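Following: one structure in structure tokens, then a few remarks.
Chain letters run A, B, ... following the sequence lines, proteins first, then strands; residues in each count from 1. Because the structure is predicted, anything quoted here is derived from the model rather than measured.
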There are 2 protein chains.
Amino acid sequence: MNSIRQLYHRSQHILLYGGVMALLIMLMKWLQWKYLITDNAIDIYIGLLAVTFTALGLWLASQLTKTKVRTVTVEKEVLIPQSEYFVLNEEELNRLELTKREYEVLELITRGQSNADIADRLSLSLSTIKTHVSNVLLKMDVKSRAQAIEKAKRLRITP
Amino acid sequence: MNSIRQLYHRSQHILLYGGVMALLIMLMKWLQWKYLITDNAIDIYIGLLAVTFTALGLWLASQLTKTKVRTVTVEKEVLIPQSEYFVLNEEELNRLELTKREYEVLELITRGQSNADIADRLSLSLSTIKTHVSNVLLKMDVKSRAQAIEKAKRLRITP
DNA sequence: TCCATTTCGGTACTTAAGTATGAATTCCGA
DNA sequence: TCGGAATTCATACTTAAGTACCGAAATGGA
């Protein structure tokens, strides 16, 4: 439907051009016999013709191509798997004021690891992990590791 | 820097056009005296001139404007809030073969609610909730509610 | 070097989570 | 309407989680 409308517009230009060209030729033929054309003025006449029709050609071309000169913005929505989509929300993370260790512990918590698992992973004692976990829960203002997981994922401070 | 290079290219075209135009005019002047031009053939000559230089104008215009005719594709990255982005993974959910109640309980678990909270919400006894939770953990093949939350969110069977 | 913060670890305790088992009731499809 | 599955609830138990309080060691800037 769009291409048909374009074709119509272009046909309009071509018809218009044909009319203008015919008029110009008639005008020049009339001028030829009435005033300008003598044997030694033929060069000027040819030059005039060339410039005129070149200008006409340029104008026609600009009319034909001006619809092509545009910026086409394509919005490309990319579906990315959730795991690869993670973008750290640093603002929220900084607000919690967690220490390095506490954040490490939080990351393991959100992976569903138990305190014993975390102790093994970080080669620390269970009581140390308990201390860290307790501090994390305090700073995150939650009452259980389950809430911590939910909040961490909701605020995107953990993958 | 880019605009300078463009200007250079356009100047090249214009110079080239000037040369071609000069050659054509010389050719036509030569033809004029040697063969074609008689008094009654002047119309044909004018028409030929018009068509030729119009074509030349069209070509020149196309050369000048062809760099403008392009499609600019802009990839727009859209940040989608996680909560609105949730799409239930029915396949994985069906694989678990959870009952209605069990799925209800799982949803509340993934919101960080304790067993007591869930019991209140669903107006059931704590022991009933414990039973449901235990069955959910069994069917999900995890050992704690924390792992259940992590797995549910990873498999996208819960918002 | 000094000092605040972080890190680590312990004990003791309370509470929540999770398991195992049994049983009564309700629901729903054949 | 019959029977298996689902739902509900209870008791008893084990284990993990979480809290409170303590102190020592390491770290890292001013």
Could you go step by step and tell me if A/E92 and A/R156 meet the side-chain contact (heavy atoms from CB on, under 4.5 Å) rule?
CA-CA 8 Å; A/E92 287 291 343; A/R156 285 194 240 170; over 6 Å; no

Backbone N/O of B/I157 and side chain of B/Y103: donor-acceptor pair under 3.5 Å
yes

Atom-to-atom span, CD1 of A/I129 to C1' of C/dG9 - whole angstrom
11 Å

Give B/H132 one of three labels, base, sugar-phosphate or nothing, depending on what nucleic acid heavy atoms sit under 4.0 Å from its own.
base

Contact residues, residues 99-127 of chain A to DNA chain D [heavy atom, < 4.0 Å]
A/S114, A/N115

Say whether B/T128 and B/S125, considering side chains only, have a donor N or O and an acceptor N or O under 3.5 Å apart.
yes

Report the distance from atom CD of B/E91 to atom CG of B/L96, rounding to the nearest 0.5 Å.
11.5 Å

Are side-chain heavy atoms of B/V105 and B/L122 found at a separation under 4.5 Å?
yes

Salt bridge present between B/K100 and B/E104 (N-O < 4.0 angstrom):
no

Sidechain N-carboxylate O distance under 4.0 Å for B/K139, B/E97
no

From CG of A/L98 across to P of C/dT5 the rounded distance in Å is 16 Å

What is the separation between atom CE on A/M140 and atom C1' on D/dG18, rounded to the nearest whole Å?
15 Å

Taking every heavy atom of B/G112 against every heavy atom of A/Q147, the minimum-distance pair comes out as O-CG, 3.0 Å

Using atom names, set out every protein N or O paired with an N or O of nucleotides 19-21 of chain C below 3.5 Å, distance rounded to 0.1 Å.
residue : atom : partner : partner atom : Å
C/dT19  : OP2  : B/S134  : OG           : 2.8

